[in-house]
Structures are given as C-alpha cells and as structure tokens.
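Below: the structure, in structure tokens.
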Amino acid sequence: AAMYLWVLFFANGARLVAVSASAVTWFFHSDDPTKLANPAQQGAKWAFTSSFGTIALGSLLVALSYQIKKSAQSRVAWGHPIGCALKFFFHYLHKCIEALTKFCLIVHVFTGEPFCKSVTSTFNLLKRRFASAIIVDMAAEDCLRLGAYTFSIMLGCIAWAWADSLCETETLKASTW
C-alpha cells in the first residue's frame, strides 16, 4: 500500500511539473522566439529525467504524511477531545505538507534547483504568506472538486433524459411524480 501511495503521489507530482512547465512558458516566455515548442511534453520529459529525484523525494514526504494521518485516524477515537484534536492536527499537517510540496515542485520548475534548495526558496517565499498560500491551495482544490461534482450530476441528468426519450417514458415530468 505504501508503494502504491508513493507511485500515486509521484504521478501527481509529474503532472504538476508538466503543467508548471506550460504555465512558466506561457507566462514568462510568451514573446520569446526561443521558447519551448511543446512545454507540456518538455515538462513530462523533465519529470522522468532531471526532475525525477525532486519529485520522488516530495512524493515520499507526502506519502509518509498521508500514512501518518491514516494511522492516527484509525487509532484515535472521535469521541475523546484529545483524539479529535489529534485527528485535526494530523489531517492539516498532511494538507500543509502536500501544499508545500506542490509549491516546492513549482519553484523547482521555475528555477531548476534540487529539492532541498527548492524547499529553502519556497520557505523564503512563503515566510510571510504561508496561511494565505495554504488557504488558496485548499480553496482551489475544493472549487475543482465542486466543479467535478456539478459536471457529473449534469452528465447524469443528461443521460437520464436521453434514456427517458429512448425508452419513451416520461419519468422526468413533474406530473408523473
């Protein structure tokens, strides 16, 4: 299970490097004639070559924090105030490590620094804005999740209406309820 988690978080990190390479190229080099022709492909290539160690180490930290969070959730009771506080602490510790690792990988793509130097640069960058950065990361994640739920509900309703018309039933009309 631990290896699966590491591979899952590694794939997430590789995706983030590819997307960050595209964003860096678009934002900073839009008028540069020597910019990358296919930045997403170059980012994917970096993810499995020069950035492999950085992504692997970041993924390992996130996987370990996830395992600690899951272990705490299974061993501590919700009914006890200290248990509830521990669950809350380990949940947000994992979320902070995950968000910091994302920011570290983005800094790595911007600068090309190894993991430890990227951590230092990320720490210096977020020294004054840590809480804001974590809140923005969580809000973006929640917003995308809500959008995915809305999209899937809409697709379900469209499929229901389509099946309703194919079967020549009228289950969606209010008069049949």
Side-chain angles (χ1 to χ4, degrees), residues 1-32 34-36 39-76 82-148:
M3 185 67 170
Y4 171 74
L5 279 175
W6 177 78
V7 169
L8 179 72
F9 288 122
F10 183 88
N12 248 353
R15 177 192 46 83
L16 181 65
V17 166
V19 170
S20 297
S22 297
V24 166
T25 302
W26 174 77
F27 190 76
F28 291 110
H29 301 287
S30 60
D31 298 331
D32 189 359
T34 61
K35 71 179 179 182
L36 298 173
Q41 183 181 17
Q42 183 64 40
K45 188 168 136 185
W46 288 340
F48 295 102
T49 55
S50 59
S51 297
F52 188 87
T54 300
I55 298 170
L57 190 54
S59 304
L60 180 65
L61 292 175
V62 175
L64 288 174
S65 72
Y66 183 83
Q67 280 298 111
I68 291 169
K69 177 185 94 162
K70 284 297 182 189
S71 178
Q73 285 179 342
S74 67
R75 289 190 171 91
V76 181
I82 294 174
C84 192
L86 281 173
K87 285 186 178 198
F88 179 80
F89 173 75
F90 284 119
H91 175 76
Y92 282 98
L93 177 68
H94 168 69
K95 285 296 189 182
C96 287
I97 289 173
E98 190 175 35
L100 288 173
T101 303
K102 286 179 193 175
F103 290 127
C104 182
L105 288 175
I106 292 169
V107 166
H108 167 72
V109 171
F110 274 52
T111 62
E113 296 175 338
F115 186 78
C116 293
K117 286 187 180 181
S118 294
V119 168
T120 305
S121 298
T122 303
F123 178 74
N124 291 334
L125 183 69
L126 296 177
K127 216 183 277 188
R128 285 179 268 137
R129 302 280 185 227
F130 178 74
S132 300
I134 298 299
I135 290 169
V136 165
D137 181 64
M138 289 182 186
E141 188 177 316
D142 290 342
C143 183
L144 288 173
R145 187 178 297 121
L146 180 64

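The structure displayed is predicted, hence computed values, not measured ones. Sequence positions, counted from 1, serve as the residue numbers for this chain. Keep in mind that the numbers below use all heavy atoms, side chains included, and drop hydrogens, waters and symmetry copies.
Between atom CD of residue Glu98 and atom OG of residue Ser59 there is a gap of 10.5 Å, rounded to the nearest 0.5 Å. One distance of note links OG of Ser50 with NE2 of His108; it measures 5.5 Å at 0.5 Å rounding. With rounding to the nearest 0.5 Å, the separation of CZ in Phe103 from OG1 in Thr101 is 10.5 Å. Here Ile55 contributes atom CD1 and Arg15 contributes atom CZ; the two are 11.0 Å apart, rounded to the nearest 0.5 Å. Atom NZ of residue Lys70 and atom OG of residue Ser65 lie 11.5 Å apart, to the nearest 0.5 angstrom. Note that OH of Tyr92 and NZ of Lys69 are 10.0 Å apart. Values are rounded to the nearest 0.5 Å.
When all heavy atoms of His94 and Tyr66 are compared, the pair lying nearest together is ND1-N, 3.4 Å. The shortest non-hydrogen separation linking Met138 to Lys95 is CE-CB, 3.3 Å. Taking each heavy atom of Val107 and Ser118 in turn, the nearest pair found is CG1-O, 4.2 Å. Minimum interatomic distance between Trp46 and Ala21 (heavy atoms only, all atoms of both residues): CZ3-CB, 3.8 Å. The minimum heavy-atom distance linking Ser22 with Pro39 is given by the pair CA-CB, 3.7 Å. Of all heavy-atom pairs between Ile106 and Ser20, the closest is CG1-OG, 3.4 Å.
Using bins of under 30°, 30° to 60° and over 60° for the plane-to-plane angle, the ring pair Phe10/Phe52 lands in the tilted bin.
The number of heavy atoms from other shown groups lying within 6.0 Å of CD (Gln41) does not exceed 12.
Under the side chain to side chain contact (heavy atoms under 4.5 Å, CB included) rule, Thr122 has a single partner from Asn124, Thr120, Leu126, which is Leu126.
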